[in-house]
Amino acid sequence: MIVMKFGGSSVADAQRIRHVIGIVKTQLGRKPVLVLSAMGDTTDYLLQAGSNALQNGEVSIQQIEKLHLDTIKKLKLPNQARNEIISLMEELKRLLSGISLIRELTPRTKDFLVSFGERLSVRIAAAFCNSQNIPAIACDAWDVGFFSDSNYTGAELIKESWDIIPSKITPFVKKGILPIVTGFIAKDSNGSIATLGRGGSDLTATMIAAACKAEEVQVWKDVDGILTADPRIVNKARPVESVSYDEASELAYFGAQVLHPRAMQPCIKTGTPVLVKNSYNIDAPGTRIVASIDKKSVPVRAITFRRDVTLVDIVSSRMLGQYGFLAEVFSCFARHCISVDMVATSEVSVSLTLDAAQDITAVKKELSRIATIDIKTGMAIVTIVGNVKRSSEILARAFRTCQLIGVTVQMVSQGASKVNISFIVNDAEAVEVVKALHIDFFQSMKD
Ligand code: ASP
Ligand code: MG
């Protein structure tokens, strides 16, 4: 068995749905389970409709209605499917009328509201499959074991889901029926719909794959997989063949087009491989995310960076050897709810980085009692994700590259996950550094 998940842009309209079912058809022999997101930007439209109802008392789902009705028409779906879709949209309008009357939109109601996107898309896809002689069934996630806590808009699945999901899914698969499951949603113990957070369909797919011990989970997106660098910066960026779960988690933090680290959790537990593929370019091999990578592979997986970073150097004004300095520094940041990203320390000083958007005036004032503080704005973090067992080689090459282009490295840190080497440079130099590193690690023949 395999799980295939298609995101919103992969099922954006009738033509895309046809294309997706074409891809599924080629894999029928591997007994697929399908997980779908809402069509295109439907989730955003639903949230917009909710806030229009709340703020202006307006009940309008024109865009959503048009998209789904056009799709039904273009896919020539039978009347029964059409009626089912229309009645869901009527229910949606009643919900919006309710919101407009009571002028209240709680997180619970918001989750109920956005659930319509996935409930509509799976019904359309299942009806289309059946019309193409692919026996399929549309499943609302709770009917196949997705139960969660009541943390609306960001719910966690409960552990019983691990047993219930396979008991519900496998009978369909054994009968040769294709289950098409709503991504993103679950029900809590009160029977209310809860969502797993934006982008949560990936988690639905990895959870089914892990719980059912599937051979692999394919996550179909609109990019060729994980790339060696941001293609807008490095035109020779290319897809990475395989990365480990740890490496993929690090890359996700930097906004790489991969799975959310949370979506990887179920597969990490079971070692289920994840294949990221491009539904717009099916011949591209994609990226495999697996438990561990062949030791002989290239040292670096990808190079990424983050701009608008502030570097804070804190030098203790106390005597050498005093304890509690770091504790005081970090508890001060915690008290002011400021999140710290990178840290490097010496005997008497600590350097750390934060997102430039955070105001640290109060922290500076408080800490100046025990330290000298130097704040440098306009910095960037450059991160090399790769095999840190080869860190000496990676560092040597990275620093040599910086030296060659005349860039000074301001701070270095090697992440605890042992797959991430990060360093700080001036923001204005970051793009040049990333380009030069990419040439050294990926475009030359040194490996
Ligand atoms: N439709 C939801 C969203 O847009 C869930 C998903 O696509 O994964 O966030
Ligand atoms: Mg979406």
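Just so you know, these numbers use all the heavy atoms, side chains as well, and skip hydrogens, waters and symmetry mates. Start at 1 and go down the list; that is how both ligands and their atoms are numbered. FYI, the numbering just counts along the sequence from 1.
Judged by distance alone, with hydrogens and angles left aside, the side-chain atoms of N278 form a donor-acceptor pair with the main-chain N or O of Y280 at under 3.5 Å. At least one donor-acceptor pair closer than 3.5 Å links the side chain of S161 to the backbone N or O of F147.
In the model, N190 has no side-chain atom that pairs as donor or acceptor with a side-chain atom of S192 under 3.5 Å. Side-chain N/O atoms of S279 and H19 include no donor and acceptor closer than 3.5 Å.
Between K5 and ligand 1, no N or O atom pair is found at a separation short of 3.5 Å. Ligand 1 has no N or O atom lying under 3.5 Å from any N or O atom of D202, backbone or side chain.
Evaluated by nearest non-hydrogen atom to atom 6 (C) of ligand 1, the leading choice among S10, G197, G117, S201 is S201.
Put simply, part of G199 is less than 4.0 Å from ligand 1, judged by heavy atoms. Residue contact check for ligand 1: G200 places a non-hydrogen atom closer than 4.0 Å to it.
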(request) Please lay out, stage by stage, how I137 and I180 fare under the test side chain to side chain contact (heavy atoms under 4.5 Å, CB included). (result) CA-CA 6 Å; I137 181 165; I180 306 184; over 6 Å; no
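Every atom of ligand 1 is numbered from 1 in the order shown, and the set under 4.0 Å from a heavy atom of S37 is 6 (C), 7 (O), 8 (O). The distance from ligand 1 to the heavy atoms of R198 drops below 4.0 Å at these ligand atoms: 3 (C), 4 (O), 9 (O).
By the 4.0 Å N-to-carboxylate-O rule, K187 lies too far from D111 to be salt-bridged with it.
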